[in-house]
Structures are given as structure tokens and as C-alpha cells.
Trainee: 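Quick one: this structure, given as C-alpha cells, is what I'll be asking you about.
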Amino acid sequence: MLLELAIAYILVFTLGAAIGSFLNVVVYRLPAGLSLLFPPSRCPHCLRQLGKRDNVPVLGWLWLRGKCRFCHSPIAARYPIVEAVTGLLFLWVFIVFGFKLETLGYWAFLSWLLALSLIDLDTMTLPNPLTQSGLILGLGFQIWIGWSTSGQIGAINHLFGGIAGAVLGIWLFDIIGIVGSIALGQPAMGGGDGKLAAMMGAWLGWKYLLLAGFLACTLGAIVGGGAIALGIISRRQPIPFGPYLALGAALTVFWGETLLSTYLSVFFPTL
């Protein structure tokens with residue numbers, strides 16, 4: 001039993017690391033308007049195509065000692081880190097949810113969130129192709145889960161829950177952006193943040209979207225306020241909010257039910 005479980009964990013981590021390798025491609029090529037499939041992976045310096053061994057997630061970078069096999073230019077450590085993080089996220093989802101439909105769905109959801117976070121950190125943008133496709137997948141996920149539990153009625157109920165979450169997400173963060181811009185006298189939130197929130201609402205539903213949004217705002221305020229206090233950034237320097245939204249959503253996936261039930265039991269014990 002333990003051997004089978006260990007093999008399952010290794011396979012899940014390997015799958016996640018392979019997906020993380022593809023996410024590296026998405027993060028680099030999508031903002032640049034390049035094809036995600038052609039040409040095959042190559043060194044960004046000498047443009048030589050990488051061999052199969054060089055493309056092995058995490059291990060390939062270690063074998064090459066962080067340098068291109070051909071021109072010996074350094075390869076950023078972020079590539080194996082993203083692969084390892086994705087592998088660990090896949091493993092964590094598998095440990096929490098096991099052999100369930102939710103596992104496949106949350107693997108996809110977290111992959112979208114990770115790619116969007118990295119792109120936002122690099123470019124201060126959240127590409128429409130990712131937020132829109134993620135929203136559609138989220139609604140499909142709701143139908144899938146609803147059908148598996150309660151048939152047609154469940155699918156319809158879950159679909160409307162996902163739609164309500166998506167609408168609430170884009171309206172709520174658009175309103176926050178407008179009010180914040182008036183208060184600060186400058187844009188307070190990018191247009192992509194509301195679309196990302198809509199995508200999150202499609203996956204999480206309106207209740208858990210509110211929790212994820214609260215966690216994102218709290219984390220953003222703590223980190224941003226600390227960075228300003230330490231002089232790392234200025235008060236009016238824009239910072240990407242997408243990673244905080246993604247982190248809030250990820251925390252909600254794993255602990256949303258516990259956090260929400262704890263909140264209700266503390267502040268609304270009679271419900």
C-alpha cells in the first residue's frame with residue numbers, strides 16, 4: 001500500500017512538473033505573441049533546439065548546471081522553480097482531494113492561476129486569452145461537478161452558481177478599481193484584475209470568490225504596506241495585483257470551507 005502510494009505521488013509530481021515546463025513556455029511566449037507549439041524549446045541566446053534530456057523538468061536544468069549545452073549562457077533558475085512548484089501543487093491537490101473529479105479541475109485552475117501570476121509579474125498584464133479560457137473552463141467545471149453529484153438539476157444549479165460568481169467578480173473589482181482611482185487620483189487596479197476575478201468566480205462560486213478576494217486584498221495590503229514602509233517601493237508605484245488574487249484563490253481551494261465555517265461560527269454563531 002505504501003509503495004503504491006509513493007509511486008502515485010511520484011507520478012503526480014512528475015505530471016505537475018511537466019505541466020510546469022509548458023507553463024514556462026506560455027509565460028514567455030504568450031505575451032510576446034509567439035506560437036506556444038512552434039518552434040520547439042530552444043536556448044533564448046543561441047536559438048539552438050534543446051535535446052530531450054535537456055527538457056526533462058527540473059532535472060534537465062540540474063544536468064546542465066544552469067547553462068546552455070551549446071553556448072553556455074546561463075539559464076534562469078525560475079524555470080526549474082516553476083516546474084517544481086507546479087509539481088508540488090499537483091501533489092498537494094492530489095493529497096487533499098484524492099481520486100476525484102475535483103482533482104483534475106483544480107489542477108487546471110491552479111495551472112491557469114500560476115501562469116497568469118507570472119505573466120502579471122513580468123508584464124503587468126493579464127492576457128485575455130488566459131482569463132477568458134479559464135472562465136469558460138470554470139463554468140464547464142461547475143457543470144461537470146453538478147452533473148456528477150445531482151444530474152441535470154445539479155449541473156444547472158452549479159452553472160448558475162459559477163455565472164453568479166463570475167458576474168460578481170468582474171463587477172466587484174471594477175467598482176473597487178473605480179473607487180480606488182477616485183480616492184488615489186490615479187488608476188488603482190488594472191482592467192485585467194476584474195477579468196481574473198470573474199474567472200475565479202466561475203471556478204469558486206460567489207461565496208468563495210468573496211473569501212478569495214478578501215484574502216487577496218489583505219495579503220496585498222500587508223505586503224504592499226510593508227514594502228512602502230521599508231522604502232522598497234513608493235506610494236504611487238504600481239504593483240501587480242494578479243498574484244495576490246491567485247494566491248487568495250489557491251488558499252480558498254485548500255482551506256476555503258474551513259475558513260468560511262470558522263468565520264460564520266465566530267461572527268454568526270446562531271446561523
Trainee: Kindly give the heavy-atom pair with the smallest separation between Pro80 and Val58, and that separation in Å.
Mentor: O-CG2, 3.9 Å

Trainee: Within a radius of less than 6.0 Å around CH2 of Trp171, do more than 12 heavy atoms belonging to other residues, nucleotides or ligands occur?
Mentor: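 No, the 6.0 Å shell around CH2 holds no more than 12 heavy atoms from other groups.
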
Trainee: Please tabulate, one pair per line, all N/O donor-acceptor pairs under 3.5 Å involving side-chain atoms of residues 84-110, not counting sequence neighbours.
Mentor:
{"from": "Thr86", "atom 1": "OG1", "to": "Val82", "atom 2": "O", "distance (Å)": "2.7"}
{"from": "Thr103", "atom 1": "OG1", "to": "Gly98", "atom 2": "O", "distance (Å)": "2.5"}
{"from": "Trp107", "atom 1": "NE1", "to": "Phe90", "atom 2": "O", "distance (Å)": "3.0"}

Trainee: Is it the case that one hydrophobic cluster holds both Tyr28 and Leu23, taking links as side-chain heavy atoms less than 4.5 Å apart, direct or via other members?
Mentor: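 No: no chain of side-chain contacts under 4.5 Å links Tyr28 to Leu23.
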
Trainee: How long is the span from the SG atom in Cys46 to the NE2 atom in His72, to the nearest 0.5 Å?
Mentor: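 Rounded to the nearest 0.5 Å, the SG-NE2 separation comes out at 9.5 Å.
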
Trainee: Looking at side-chain heavy atoms only, is the closest gap between Leu251 and Leu219 below 4.5 Å?
Mentor: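 When only atoms from C-beta onward are counted, Leu219 and Leu251 do touch, with a gap below 4.5 Å.
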
Trainee: Could you state the interatomic distance from CG (Leu5) to CD1 (Ile10), rounded to the nearest 0.5 Å?
Mentor: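 Going from CG on Leu5 over to CD1 on Ile10, the span is 10.0 Å.
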
Trainee: Take Cys217 and Tyr244 through the side chain to side chain contact (heavy atoms under 4.5 Å, CB included) test and state the conclusion after the steps.
Mentor: CA-CA 7 Å; Cys217 292; Tyr244 297 105; over 6 Å; no

Trainee: Are Asn128 and Thr131 close enough, and set up right, to give a side chain to side chain contact (heavy atoms under 4.5 Å, CB included), and what steps lead you there?
Mentor: CA-CA 5 Å; Asn128 286 335; Thr131 54; 4.1 Å; yes

Trainee: Side-chain heavy atoms under 4.5 angstrom apart, residues restricted to Ile, Leu, Val, Met, Phe, Trp, Tyr: same cluster for Tyr9 and Leu15?
Mentor: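 Tyr9 clusters together with Leu15.
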
Trainee: To the nearest 0.5 angstrom, please state how far the CG atom of Leu247 sits from the OG1 atom of Thr252.
Mentor: 9.0 Å

Trainee: Could you pull out the closest heavy-atom pair between Ser41 and Asn55, with the gap in Å?
Mentor: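 Nearest heavy atoms, Ser41 then Asn55: CB-OD1, 3.6 Å.
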
Trainee: Say whether Ile239 and Ile232 are linked into one hydrophobic cluster, either directly or through other cluster members, by side-chain heavy-atom distances under 4.5 angstrom.
Mentor: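 Linked, Ile239 and Ile232 end up in one cluster.
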
Trainee: Do Leu59 and Leu62 have side-chain heavy atoms sitting under 4.5 Å apart?
Mentor: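 Yes, at least one pair of side-chain atoms sits under 4.5 Å.
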
Trainee: Compare all side-chain heavy atoms of Ile119 with those of Pro127 and state whether any distance is below 4.5 angstrom.
Mentor: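 Touching, per the 4.5 Å side-chain cut-off.
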
Trainee: Checking Leu215 against Leu259 for the side chain to side chain contact (heavy atoms under 4.5 Å, CB included) test, could you report, in this order, the C-alpha distance in whole Å, the side-chain angles of both residues, the deciding distance, and whether it holds?
Mentor: CA-CA 10 Å; Leu215 292 173; Leu259 291 172; 4.2 Å; yes

Trainee: Tell me whether the count of non-hydrogen atoms from other residues, nucleotides or ligands lying under 6.0 Å of CZ in Arg29 goes above 12.
Mentor: yes

Trainee: Might you point out which heavy atoms bring Gln142 and His158 nearest each other, and give the distance in Å?
Mentor: O-CB, 3.0 Å

Trainee: What are the two closest heavy atoms between Leu130 and Ala115, and how far apart are they?
Mentor: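 Distance-wise, the nearest heavy atoms are CD1-CB, 4.2 Å.
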
Trainee: State plainly whether one hydrophobic cluster holds both Val12 and Val56, where clusters connect Ile, Leu, Val, Met, Phe, Trp and Tyr through side-chain heavy atoms under 4.5 angstrom apart.
Mentor: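 They do not share one cluster, since no chain of ILVMFWY contacts under 4.5 Å joins Val12 to Val56.
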
Trainee: What closest approach, in Å, do Asp174 and Gly194 show between heavy atoms, and which atom pair accounts for it?
Mentor: OD1-CA, 4.3 Å

Trainee: What is the distance from atom CG of Leu159 to atom CH2 of Trp144, rounded to the nearest 0.5 Å?
Mentor: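 Interatomic distance, Leu159 CG to Trp144 CH2, rounded to 0.5 Å: 16.0 Å.
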
Trainee: Show me the donor-acceptor pairs, under 3.5 Å and distance only, between side chains in residues 199-213 and residues at least two apart or in other chains.
Mentor:
{"from": "Trp203", "atom 1": "NE1", "to": "Gly134", "atom 2": "O", "distance (Å)": "2.9"}

Trainee: Within the distance-only criterion (no hydrogens, no angle test), does the side chain of Asp120 pair as donor or acceptor with the backbone N or O of Pro240 below 3.5 angstrom?
Mentor: no

Trainee: For a side chain to side chain contact (heavy atoms under 4.5 Å, CB included) check, start with the C-alpha distance between Phe22 and Ser111, then their side-chain angles and the critical distance, and finish with the verdict.
Mentor: CA-CA 10 Å; Phe22 180 69; Ser111 296; over 6 Å; no

Trainee: Check whether Val253 and Ile145 end up in the same hydrophobic cluster, where Ile, Leu, Val, Met, Phe, Trp and Tyr are linked by side-chain heavy atoms less than 4.5 Å apart.
Mentor: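 Per the 4.5 Å side-chain linkage, Val253 and Ile145 are co-clustered.
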
Trainee: To check you understand the geometry: which heavy-atom pair defines the closest contact between Pro243 and Ser117, and what is its length?
Mentor: CA-OG, 3.6 Å

Trainee: If you count heavy atoms of other groups shown closer than 6.0 angstrom to CD of Gln132, is the number above 12?
Mentor: yes

Trainee: Quick check: do Leu139 and Leu135 have side-chain heavy atoms less than 4.5 Å from each other?
Mentor: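 A side-chain contact under 4.5 Å exists here.
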
Trainee: Going from CG on Leu2 to CD1 on Ile7, what distance comes out if it is rounded to the nearest 0.5 angstrom?
Mentor: 11.0 Å

Trainee: Drop me the distance from Asn157's CG to Ile143's CD1, to the nearest 0.5 angstrom.
Mentor: 12.0 Å

